[in-house]
Structure formats: structure tokens, C-alpha cells
Amino acid sequence: MLKPFVLVMNFRLLFCLLFSVGFNGLILGQTFAPEMDSRAQEIIDRIAIAESLDTKHFSSLKHYSVDDILNFVAQLNEEQRLKYQTDIAFLEREFVLWKKDTDLTPKKRLLGIYSQPNAIYQFKNKSAAFEIKPMLNLGIGKDQYDSDIYLMNQRGLIVNGSVDNKVYFHSTILETQARFTSNIRAIYQETGMLPGSGFVKRYYSNVYEFTDGVDYLLSRGHLGFKLSGHIDLQFGHGRNFIGNGYRSLILSDRTTNYLFAKINWRIGKVQLQNIFAELVTENQRPQSISPFPKKYMAAHYLGFKPFKNISVGLFEAVIFSREDGFEFNYLNPVIFYRTIEGMIGSPDNVIIGLDGQWNLPRRVQLYGQMIIDEFIFNELFKTGESSWTNKWGIQIGLKHIDFLGVKNLDVQYEFNTVRPYTYSHREFENTFGHYEQPLAHPFGANFGEQLLNISYRFGNRWLFNVKGISFYKGLDIGEDSYGGDIFKSYTLRYADNGHSIGQGLRSDVQLINADLSYELAHNLYIGAQFFWRNETFSDPTLDPLNISYFGGSLRYNINQFKNDL
């Protein structure tokens, strides 16, 4: 007997239906969206904070198209363009191909390189535009606590394009061979998972004589188009980020890539973003020839901008697994998921979040987030009896542009804390994670963190960045769960009451990550890095992971690997 149509219709067929609807309604064009952590997005946010300007889009969503960026630059007056001339010059070099008034006649240079500084090929006519950019990240260094060197060898390509001013696409592929610092290697050895990556192979170097390196290939890309003048659809394989901070407690880009469809509704002061994603439950397969177990996420963010310098947002996400595929009850983009989850028997994991930012005078931004997994208000004020069901997290942050009046000196302070058992679920399949990596903050839960990020650009080409992070986290003791590992069922908790942040085996870590870089050419950097990490445990018999590393790097169209764990 055939199964009902709703049960056999899988997630990919759903995307095909969305696309067929979308292509029938194409009327307006839009260019691709750059990487979420690109310097272009950093420049737009920085100028908006310093000048209290309206970006039109919501900075928390990181859904910046090239059109958004170029339209923002176009609204700057002559005084503002003069003040930020270095940043604006960077944007104009980066996106010269995508400006509407650009008539790019290819002028071949050495080895076939065309006119844009960081592209190896460009093409543009009345109906299409296309470019290919190289990616390169070479690094080497030494840690005084380690006999072997650290190595980074990444090569890749970026492809951007648009057709008929209606369809746009962005794709990257990146090949990596590396030997990471001991804190990253320890995560891989313990969990079989490397932060930010997917399938990983062992890498052995006869030249440098180490046997504990890693080799992996990552690709991501999205295809997008307009459904109307205010609605656009994006389908891709990649990551998403929601928030204004260095970290996010709602949805972060620190996990590996996943399949998603994203709908953005932008009407005046309101923006709604829907994300429907297919995730991997764990990085182990039941059989060698079977696929990884699947689970799904439906999430939406409703943002409201009452004033040009203030925005607030409400986030909701549900994580679920079904043997028959996607749960179609969650396809409604404008409904409260918690009510649906209750109506079908409360089998899933629902998380609610609040997000906001306020650009103050004197070049200051305040931002923050709060997430709620489960919450019992009456338990909050019972001293010493805090229930395990009080699962929440808070972020508070501040950014100051041109700190103390020093041009291009920017300072960011951020505080994050998440209670035990947050993001976890009674069923392993429904944890708020993907490929056994947290979808929100990389520390998971049961931690507190303070972060200071200082960035200084000087002489037009020099960049100095230093991050200081201090955090504590409660680790598990034996088989009991103390709430820090979100991939453990909360049924393994050691008690029902008396829970506090940092409980269990406490680890205290201080780290400093410093980078001094010089821009040789557009988006081509040579630099030196220093990384220091000091750890102590509440059990003094345990050996900490201490690091004191110094190295150098050469980067082209790529950011530094974030070593902040």
C-alpha cells in the first residue's frame, strides 16, 4: 500500500516546489550576498554606527546583498565619503563589477587576470555578470608546549554571478590541510568532530614529520531570486548567523554547512526571515553505505525597526526528527511554532529568542540577546534550588567606533552566559546542533564568557586586531550530565534542583589572539599571529591545555581561522 503523499514527499521536493513558484513570479533583480563575516559587511555596520545611519536592512540578519551595500554607500554625503574614503574605496574595488553603471570591457592582464584586483576572471554584458576569485591561506607557526609545528594550507575559489538581473548565485570551494593547535585537536580527538568542518580525514606530513594533521574539503553556495519587490528566496548549502555580536546565542555560523531555504520579507520597518534546514543528527552512520541520520529545523525571525537607529527582533526555532521526512506543520511561515509543537504532542525542541541593537550618539552601539529553552518563573527566586528546567542564556554587548577619538580604533566588549541543559533535549536527535556541533554558541551551555575585541587600522594598509577572552565552563563528571554537553539527554542530569552556571568539573580559560597584517594588494594580506591560552581546572590533578604560539601567514580573499575555544 502506498504511503500518503504528505509522508513520501521529501525535503528536497519541497525546495523544488518553492523554486517553481519563485521562478513564475520573478520580476526584479538582486545581486548575490557576500560571506557573512566579510570586510564589506563590517564596513557597512561600522559606518552605520558611527554616523547613526539607517541601513534599511536589519544588521542582525546578516542578509546583506551587494545591492544593499552599494545603495548604502550611495546615500552617503560628500563629508561622509571623505571621512571613510579608505573603506569606500575598498567597497568600490570589491564590487566594481556589480555597479549598475559599470561598463566593464575585459582588459586582459598577466596570466589572464582581468581588471578587478582580486579576480582571475570577470565577464559582464547586458544580461549577465560573472566572476571567479581565488582563495589562499598559508600559515606556519610554533608552540613552545608542542614539539611539532602548526600548519595551515587552504586553497579555493569563489564564484559569483547573476543572470538577466533576476537570478544570482554565490559559490565557494575550499580545500584544507592543517595541523591545528592543541585545543582544536583535543575537540577532534574527543568527539571526532572538527569545529566548522564536516567529513575529516587524517593528514600526515613527511616534510614536517607530524601524523595528527587533518584534511577536509568544504563547499558552500546559494542561488537566489526575487519573488516580488519585497520578498526574495535563497536556496543553498551553507551557514546562517543572527545577531550583532562576535558570538550568537540564537544562530551562529560556527558549525559546518547545511542545506537550507531562506525567505526574506522586507516591508518598510518590518523584516521577517524564515529558514527551513536539513541537518545531520550525528557524524556516525548506522552502516558504512548508509547516509548520516537526518533531522530538520524551521526557524523565523521577526524584526521591527521603530527608529533608524533601533531594531528589535523575536526569534523562534524548532528542531525535530521524523522517519518520514519534514514535518509539514512547520511550513507555515507566520505562525507561532510552540503552539504547533504542542498540538502534535510536544515531541520536539522549541527555542525562543529576543534580539536587539541601539546605535547611540558618539559612535556607540548597544546590543543583546536572550534565549529561552524552557522556563519556570516560580523557580527563579528559590535560593539554592534552581530547577534544571530554567534553561536560558543572555548576551550583552557594546561597540565603540573611533574609541577615545582615535580614528579607526574600534573596541567591542561582550558578555555571554548560558545556563546548564539549555539547547539540549531528552532525545539526542532533537538537540540544537548539527553534525554534533552547536548551532548557537560554540561552548554549548553551562558557561560564562567575557570578550574584548580591539581593532585598529592605520596607514591605510596596516591592521592590528587583538581579542582577549575569559570564560569558565562546567564539564561532566563521570556518566552524569552537568548540563554543558548539549548532545547529552537531559534525562541524564545528576539532580532536579540546585543547578548553577559552571557546575560540575569547572574549567577556567583565558586566551589572547593577536594579529598584525599588512595589505599588499586588494584583499591580499601578509601577517604575524600570536595566540596564548591558559587553562585551570577545579580538579588540580588534571592537565590543562596551555598554548603559547607565534606564526606567520599569507591570506588572499579569506579570513583567519577563528581559534577562540
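Just the heavy atoms: all of them, side chains too, but no hydrogens, waters or symmetry mates, feed the values below. Just so it is clear, the model here is predicted, and its values are computed rather than measured.
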query: Looking at side-chain heavy atoms only, is the closest gap between R254 and D564 below 4.5 Å?
result: yes
- request: Measure from the side-chain N and O atoms of E414 to the backbone N and O of Y246, and report whether any donor-acceptor pair falls under 3.5 Å.
  value: yes
task: Report the C-alpha separation of V411 and N453 in whole Å, then their side-chain angles, then the decisive distance to 0.1 Å, and conclude whether the side chain to side chain contact (heavy atoms under 4.5 Å, CB included) test is met.
output: CA-CA 6 Å; V411 175; N453 185 12; over 6 Å; no
- line: Taken to the nearest 0.5 Å, the spacing of R220 CZ from T172 OG1 works out to 4.0 Å
message: Testing the basics here: between N264 and Q271, what is the closest heavy-atom pair and its distance to 0.1 Å?
response: OD1-NE2, 3.4 Å
- request: May I ask you to decide if N244's main-chain N or O and K399's side chain share a donor-acceptor pair within less than 3.5 Å?
  value: yes
- prompt: Is there side-chain contact between I158 and S171, with at least one heavy-atom pair below 4.5 Å?
  reply: no
- prompt: Has K305 got its NZ or CZ under 6.0 Å from the middle of the six-membered ring of F58, at an angle within 45 degrees of the ring axis?
  reply: yes
- prompt: So which heavy atom on A521 is nearest to which on R461, and how close?
  reply: N-NH1, 4.0 Å
query: Is it true that atom CH2 of W358 has more than 12 heavy atoms of other residues, nucleotides or ligands lying nearer than 6.0 Å?
result: no
- request: For the pair E449 and R247, find out whether any cationic side-chain nitrogen is under 4.0 Å from an anionic carboxylate oxygen.
  value: yes
message: Do T176 and D215 pair up side chain to side chain, a donor and an acceptor below 3.5 Å, judged on atom types alone?
response: no
message: Closer than 4.0 angstrom, basic N to acidic O: yes or no for R179 and D212?
response: yes
query: Does the N557 side chain pair with the main chain of P134, one donor and one acceptor, at a distance under 3.5 Å?
result: yes
field: Which atom of G196 lies closest to which atom of R239, heavy atoms considered
entry: O-NH1, 4.3 Å
- prompt: To the nearest 0.5 Å, what is the distance between CZ (F130) and CG (N125)?
  reply: 12.5 Å
SB check R533 E535 (cutoff 4.0 Å): yes
task: Could you go through the side chain to side chain donor-acceptor pair (under 3.5 Å) check for N274 and K262 one step at a time?
output: CA-CA 5 Å; N274 305 102; K262 182 161 61 176; over 6 Å; no
task: Indicate yes or no: at least one non-hydrogen side-chain atom of I43 is less than 4.5 angstrom from one of L91.
output: yes
message: Can you confirm whether T55 sits close enough to I47 that some side-chain heavy atom of one is under 4.5 Å from a side-chain heavy atom of the other?
response: no
- prompt: Is there a side-chain contact between D515 and F464 (heavy atoms, below 4.5 Å)?
  reply: no
field: Residue pair N309, L53: steps toward the side chain to side chain contact (heavy atoms under 4.5 Å, CB included) verdict
entry: CA-CA 7 Å; N309 61 333; L53 297 177; over 6 Å; no
- prompt: Any donor-acceptor pair under 3.5 Å linking the side chain of K62 with the backbone of G243?
  reply: yes
message: Less than 4.5 Å apart, side chain to side chain, heavy atoms only: is that true for V73 and R81?
response: yes
message: Looking at every heavy atom in both Q529 and S553, which two are closest together, and how far apart are they?
response: NE2-OG, 2.9 Å
field: D402 side chain vs N408 backbone, donor-acceptor pair below 3.5 Å
entry: yes
task: Please report the closest heavy-atom contact between I242 and S248, naming both atoms and the distance.
output: O-OG, 2.6 Å
task: Scan side-chain atoms only and decide if H170 and N160 contain a donor-acceptor pair under the 3.5 Å cut-off.
output: yes
Shortest non-hydrogen contact between I88 and Q80, atoms and distance: CD1-O, 4.4 Å
- prompt: Are the ring centres of F550 and F531 closer than 6.0 Å?
  reply: no
query: Distance-only, no hydrogens or angles: does the Q154 side chain make a donor-acceptor pair with backbone N or O of R555 under 3.5 Å?
result: no
- request: Assert yes or no for the condition that the ring centre distance of Y413 to H400 is strictly below 6.0 Å.
  value: no
- prompt: Would K133 and E131 satisfy salt bridge (Lys or Arg N to Asp or Glu O under 4.0 Å), going step by step from the backbone distance to the final call?
  reply: CA-CA 7 Å; K133 297 181 178 182; E131 69 178 359; 3.8 Å; yes
field: F90-H522 aromatic ring centre distance below 6.0 Å
entry: yes
- request: Could you give me the CA-CA distance, side-chain angles and deciding distance for Y549 and Y150, then say whether ring pair (Phe, Tyr, Trp, His ring centres under 6.0 Å) is met?
  value: CA-CA 9 Å; Y549 160 85; Y150 297 151; 5.3 Å; yes
message: With rounding to the nearest 0.5 angstrom, report the OG1 to OH distance, T256 to Y216.
response: 9.0 Å
query: Does the side chain of S65 come under 3.5 Å of the side chain of D67 through a donor N or O and an acceptor N or O?
result: no
task: Just do the side chain to side chain contact (heavy atoms under 4.5 Å, CB included) check on F447 and N416 with the steps written out, would you?
output: CA-CA 8 Å; F447 72 88; N416 298 290; 4.1 Å; yes
query: Distance-only, no hydrogens or angles: does the Q437 side chain make a donor-acceptor pair with backbone N or O of S197 under 3.5 Å?
result: yes
field: Backbone of I454 reached by a side-chain donor or acceptor of N465 within 3.5 Å
entry: yes
- request: Assess whether atom CZ of F307 is packed by more than 12 heavy atoms of other residues, nucleotides or ligands within 6.0 Å.
  value: no
query: With a 4.0 Å cut-off, would you call D410 and R46 a salt bridge?
result: yes
message: Looking at R39 and D87, is there a salt bridge between them, counting it only when a charged N and a carboxylate O are closer than 4.0 Å?
response: yes
E51/R363 under salt bridge (Lys or Arg N to Asp or Glu O under 4.0 Å): CA gap, chis, key distance, verdict: CA-CA 7 Å; E51 301 295 324; R363 305 175 297 278; over 6 Å; no
- prompt: With no hydrogens and no angle check, is any side-chain donor or acceptor of N183 less than 3.5 Å from a backbone partner on L565?
  reply: yes
query: Checking side chain to side chain contact (heavy atoms under 4.5 Å, CB included) for the pair N546/W532: CA distance, chi angles, key distance, verdict?
result: CA-CA 8 Å; N546 294 330; W532 175 84; over 6 Å; no
- request: Mark yes when over 12 heavy atoms from residues, nucleotides or ligands other than E78 sit less than 6.0 Å from its CD; otherwise mark no.
  value: no
Mind listing the side-chain donor-acceptor pairs of residues 198-211 below 3.5 Å, one per line with the distance, residues two or more places apart or on another chain?
| residue | atom | partner | partner atom | Å |
| --- | --- | --- | --- | --- |
| S205 | OG | V207 | N | 3.4 |
| S205 | OG | Y208 | N | 3.0 |

task: Give a yes or no on whether the backbone of K166 and the side-chain of D164 come within a donor-acceptor separation of less than 3.5 Å.
output: no
- prompt: Any chance the side chains of Q450 and S470 put a donor and an acceptor closer than 3.5 Å?
  reply: no
field: Working for side chain to side chain donor-acceptor pair (under 3.5 Å), residues N359 and S52
entry: CA-CA 6 Å; N359 292 343; S52 295; over 6 Å; no
message: Taking D146 first and then R185, would you say they form a salt bridge - that is, a charged N and a carboxylate O separated by under 4.0 Å?
response: yes
field: Ion pair R266/D68, N-O distance below 4.0 Å
entry: yes
- prompt: Which class fits the ring pair Y258 and H434: parallel under 30°, tilted 30 to 60°, perpendicular over 60°?
  reply: perpendicular
query: Distance under 6.0 Å and angle within 45° of the ring axis: does K407 meet both against F458?
result: no
